[in-house]
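Structure first, commentary second.
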Amino acid sequence: MSLLTMILKMSEGLGKTCAIFFLTLLFSLPLGMLVALARMSRSRVLSAVTRFFITVLRGTPLMLQLLAVTYGPYYLFGAAVSRNKLIPVVVAFSINYAAYFAEIYRGGIESIPVGQYEAAQVLGYTRFQTFVRIILPQVIKRIMPSITNEVVTLVKDTSMAFTVSYQEMFTIGKQIANSQTSFMPFVVAGVFYYVFNALVDAAMGRIEKRLDYYK
C-alpha cells in the first residue's frame with residue numbers, strides 16, 4: 001500500500017475522530033458545570049454522591065469506562081450492544097471529562113473572593129444573576145489554561161475508541177499496520193494527531209488571549 005493510499009484511508013477515520021472530540025466537548029462542558037455545582041451543594045447527601053461520582057471516574061481508566069458503557073448493558077441486562085458505537089463512546093468520554101471539568105470549575109468558583117458575592121448582594125442581584133453576570137465570567141477567564149490542557153488531552157484520548165472497535169483514525173491505522181506489517185501507519189497517525197492538536201492549541205490560545213483583557 002502506497003503512502004498516499006494509506007493517508008487517504010486513514011483520513012476516512014479522521015471525521016469520526018473529530019466527531020468524538022466535538023461531541024464530547026459539547027456534552028461534557030455543561031455537564032461538568034452541573035456536577036461542580038452539585039459538588040458544592042449545601043446538601044451533604046448530594047455533595048457526597050457527586051464527590052463519589054467524581055472519584056470513581058477520575059480513579060478508573062477511561063478505557064475501562066468505554067468497555068463498561070459499551071458492553072455493560074449487555075452483560076448486566078441482556079440488552080443489545082449499540083450498532084452505532086459512536087453513542088456509547090461519546091457517553092463514556094462525556095461523563096469522564098465532565099468529572100475533570102467539574103473539579104476545574106469548582107477550583108475556579110472557589111477562587112473568587114467572598115467580597116464579590118457580598119457586593120452583588122448589596123447591589124440587589126439575585127444569586128442566579130450574581131453567578132451568571134459576575135462570577136462565571138471571572139471563572140472562565142481563570143480556568144482557561146486548565147481547560148485548554150484537558151481539551152488538548154482529549155484529542156489524544158480519542159484514540160482509545162479502538163478498544164470498542166470504533167472505526168476512528170487510530171483504529172484504521174492499527175488495522176493497516178497489522179495487515180501490512182508496517183509501523184508507518186502509526187507515524188501517519190502521529191502526524192495527524194500532532195496537526196489536530198496544533199490547531200486546537202492555536203484556537204484555545206486565541207480564546208485565552210481575548211479573555212486576557214487586562215493586558
Side-chain angles (χ1 to χ4, degrees), residues 1-33 35 57-58 60-74 81-102 104 143-208:
M1 181 182 294
S2 67
L3 179 60
L4 179 59
T5 304
M6 186 184 301
I7 292 174
L8 291 174
K9 194 165 185 180
M10 291 179 66
S11 296
E12 297 174 5
L14 182 59
K16 294 183 177 180
T17 295
C18 291
I20 298 173
F21 176 78
F22 289 111
L23 289 174
T24 297
L25 289 182
L26 178 65
F27 294 116
S28 63
L29 285 170
L31 179 59
M33 178 58 74
V35 174
L57 290 174
R58 294 176 70 193
T60 55
L62 175 56
M63 187 179 297
L64 177 61
Q65 294 167 27
L66 279 165
L67 293 171
V69 173
T70 304
Y71 302 113
Y74 171 76
V81 177
S82 176
R83 292 184 179 181
N84 185 358
K85 293 287 181 65
L86 178 62
I87 296 174
V89 166
V90 170
V91 169
F93 269 90
S94 296
I95 60 175
N96 177 272
Y97 271 81
Y100 286 93
F101 286 139
I104 293 174
I143 66 175
M144 275 308 297
S146 298
I147 292 292
T148 297
N149 185 59
E150 289 299 320
V151 172
V152 168
T153 300
L154 174 59
V155 174
K156 295 175 288 185
D157 279 352
T158 56
S159 62
M160 290 191 184
F162 87 91
T163 58
V164 293
S165 302
Y166 183 65
Q167 297 294 307
E168 45 75 55
M169 185 174 60
F170 184 79
T171 305
I172 294 175
K174 189 171 181 292
Q175 291 172 348
I176 296 174
N178 291 336
S179 63
Q180 301 292 319
T181 318
S182 170
F183 190 76
M184 185 54 67
F186 294 119
V187 174
V188 174
V191 172
F192 270 117
Y193 284 115
Y194 178 79
V195 173
F196 195 171
N197 249 328
L199 294 173
V200 169
D201 191 51
M204 297 300 290
R206 290 193 65 179
I207 295 174
E208 284 186 44

Legend entry - Nearest atoms (heavy-atom pairs only) where P185 meets G173: CB-O, 3.3 Å
Legend entry - Minimum-distance pair of heavy atoms, taken over all atoms of N149 and T153: O-OG1, 2.9 Å
Legend entry - Smallest separation among heavy atoms of A99 and L57, with atom names: CB-CB, 3.8 Å
Legend entry - Reported OG1-to-CG distance for the pair T163 and L64, which is rounded to 0.5 angstrom: 9.5 Å
Inset, instruction - Mind listing the closest non-hydrogen atom pair of M63 and M160 along with its distance? - result: N-SD, 4.1 Å
Legend entry - Over all atoms of both residues, closest heavy-atom pair of F101 and S28: CE1-OG, 3.3 Å
Inset, instruction - Give a yes or no on whether the backbone of Y97 and the side-chain of E150 come within a donor-acceptor separation of less than 3.5 Å. - result: no
Legend entry - For the student: nearest non-hydrogen atoms of F93 and L62, plus distance: CE2-CD2, 3.6 Å
Legend entry - Beyond-backbone contact of Q167 with E12, side-chain heavy atoms, under 4.5 angstrom: no
Legend entry - Approximate separation, where rounding is to 0.5 Å, of L29 CG and I104 CD1: 9.5 Å
Inset, instruction - Please round to the nearest 0.5 Å and tell me the distance separating atom CG of N197 and atom CZ of F192. - result: 14.0 Å
Legend entry - Side-chain donor or acceptor of K85 paired with backbone N/O of V164 under 3.5 Å: yes
Inset, instruction - Give a yes-or-no answer on whether the side chains of T171 and E168 include a donor-acceptor pair shorter than 3.5 Å. - result: yes
Inset, instruction - May I ask you to decide if I176's main-chain N or O and S179's side chain share a donor-acceptor pair within less than 3.5 Å? - result: yes
Legend entry - Side chain S159, main chain F170, donor-acceptor under 3.5 Å: no
Inset, instruction - With ring pair (Phe, Tyr, Trp, His ring centres under 6.0 Å) as the test, would you mind laying out the steps for Y71 and Y74 before giving the verdict? - result: CA-CA 5 Å; Y71 302 113; Y74 171 76; 8.2 Å; no
Legend entry - Interatomic distance, L86 atom CG to L23 atom CG [nearest 0.5 angstrom]: 6.0 Å
Inset, instruction - For residues V151 and F21, determine if any side-chain heavy atom of one lies less than 4.5 Å from a side-chain heavy atom of the other. - result: yes
Legend entry - M169 vs T158 side-chain heavy atoms within contact, under 4.5 Å: no
Inset, instruction - Kindly indicate whether the side chain of L66, heavy atoms from C-beta on, has any atom under 4.5 Å from the side chain of Y166. - result: no
Inset, instruction - Drop me the distance from D201's CG to Y194's OH, to the nearest 0.5 angstrom. - result: 9.5 Å
Inset, instruction - Could you grab the distance from atom NZ of K174 to atom CE of M10, nearest 0.5 Å is fine? - result: 12.5 Å
